[in-house]
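Computed from a predicted model, the values in this text were never measured in an experiment. Side chains included, hydrogens not; waters and symmetry mates left out as well; all remaining heavy atoms used.
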Amino acid sequence: MSFSLILIWIIFTIVISFKEPTDPEYLVMCLIMFYITLIFNFIKPIKMSLKITTIFISIPSVILWYIAYGYNDFLSLNPISEELFFLLLFIYFYIIIYIISEF
């Protein structure tokens with residue numbers, strides 16, 4: 001990944017954290033960042049292997065698994081048991097590790 005694109009995202013994050021924009025301003029800023037990333041990717045495409053792509057995709061899903069586990073009893077009308085939750089989590093991790101190791 002290019003250093004300039006990472007630097008642009010860091011500056012965007014800092015500006016958003018200090019300015020505290022309204023919802024329409026935030027939407028416009030995110031669309032501008034999406035457009036900058038899209039243009040940058042057209043100019044200088046990023047080549048990533050399937051392993052790296054799988055790892056990048058699994059990072060947000062691990063965060064969502066943690067949130068689901070933390071708020072399982074609080075937000076669910078019928079919370080699932082911890083055993084079933086961890087079974088699903090281990091099956092998910094097994095599939096991710098299988099994809100990474102095979103390709």
Side-chain angles (χ1 to χ4, degrees):
M1 203 173 211
S2 176
F3 178 72
S4 60
L5 186 59
I6 294 172
L7 186 65
I8 290 171
W9 272 104
I10 290 171
I11 292 170
F12 172 73
T13 306
I14 291 171
V15 167
I16 289 293
S17 66
F18 284 127
K19 189 178 181 304
E20 295 183 21
T22 62
D23 289 341
E25 290 174 346
Y26 183 74
L27 178 66
V28 169
M29 288 180 186
C30 288
L31 289 174
I32 290 170
M33 278 308 299
F34 176 73
Y35 181 72
I36 290 171
T37 306
L38 186 69
I39 295 299
F40 188 83
N41 202 19
F42 279 135
I43 294 170
K44 187 176 181 183
I46 299 170
K47 304 286 186 204
M48 288 192 303
S49 66
L50 184 61
K51 288 182 183 182
I52 300 296
T53 305
T54 307
I55 290 171
F56 280 150
I57 289 172
S58 64
I59 290 171
S61 63
V62 168
I63 295 170
L64 290 176
W65 276 100
Y66 177 74
I67 292 170
Y69 175 72
Y71 291 105
N72 182 29
D73 294 333
F74 178 68
L75 294 177
S76 300
L77 294 175
N78 298 322
I80 62 174
S81 65
E82 285 190 19
E83 293 84 11
L84 179 61
F85 188 85
F86 282 112
L87 174 71
L88 293 172
L89 179 64
F90 287 137
I91 290 171
Y92 172 76
F93 279 135
Y94 177 78
I95 291 170
I96 294 296
I97 291 170
Y98 177 76
I99 290 171
I100 290 172
S101 66
E102 285 297 312
F103 299 105

### Query
Which ILVMFWY residues can you reach from Leu31 by hopping between side chains whose heavy atoms are under 4.5 Å apart?
Leu27

### Message
With salt bridge (Lys or Arg N to Asp or Glu O under 4.0 Å) as the rule and sequence neighbours excluded, what pairs involving residues 54-63 come up?
### Response
none

### Query
Should side-chain heavy atoms under 4.5 Å link Ile, Leu, Val, Met, Phe, Trp and Tyr, which residues sit in the same cluster as Tyr35?
Ile39, Ile43

### Task
Would you please name every residue forming a side chain to side chain donor-acceptor pair (under 3.5 Å) with Trp9, sequence neighbours left out?
Thr37

### Task
Taking salt bridge (Lys or Arg N to Asp or Glu O under 4.0 Å) as the test, write out the residues that go with Glu82, two or more places apart.
none

### Query
Which distance, rounded to the nearest 0.5 Å, do you find between the OG of Ser58 and the CD1 of Ile63?
10.0 Å

### Query
Which atom pair, heavy atoms only, marks the closest approach of Phe12 to Met33?
CD1-CG, 3.1 Å

### Query
How would you list, by chain and number, every residue that makes a side-chain contact (heavy atoms from CB on, under 4.5 Å) with Tyr66, sequence neighbours excluded?
none

### Message
Tell me which pairs pass salt bridge (Lys or Arg N to Asp or Glu O under 4.0 Å) where either residue lies in residues 21-33, with sequence neighbours left out.
### Response
Lys19-Glu25

Extract all donor-acceptor atom pairs below 3.5 Å that involve side chains of residues 85-96 and protein atoms in other chains or at least two apart in sequence.
| unit_1 | atom_1 | unit_2 | atom_2 | d |
| --- | --- | --- | --- | --- |
| Tyr92 | OH | Ser61 | OG | 2.4 |

### Task
Kindly state each residue pair satisfying salt bridge (Lys or Arg N to Asp or Glu O under 4.0 Å) with at least one member in residues 83-99, sequence neighbours excluded.
none

### Message
Distance check, rounded to the nearest 0.5 Å: Ile14 atom CD1 versus Phe18 atom CZ?
### Response
7.0 Å

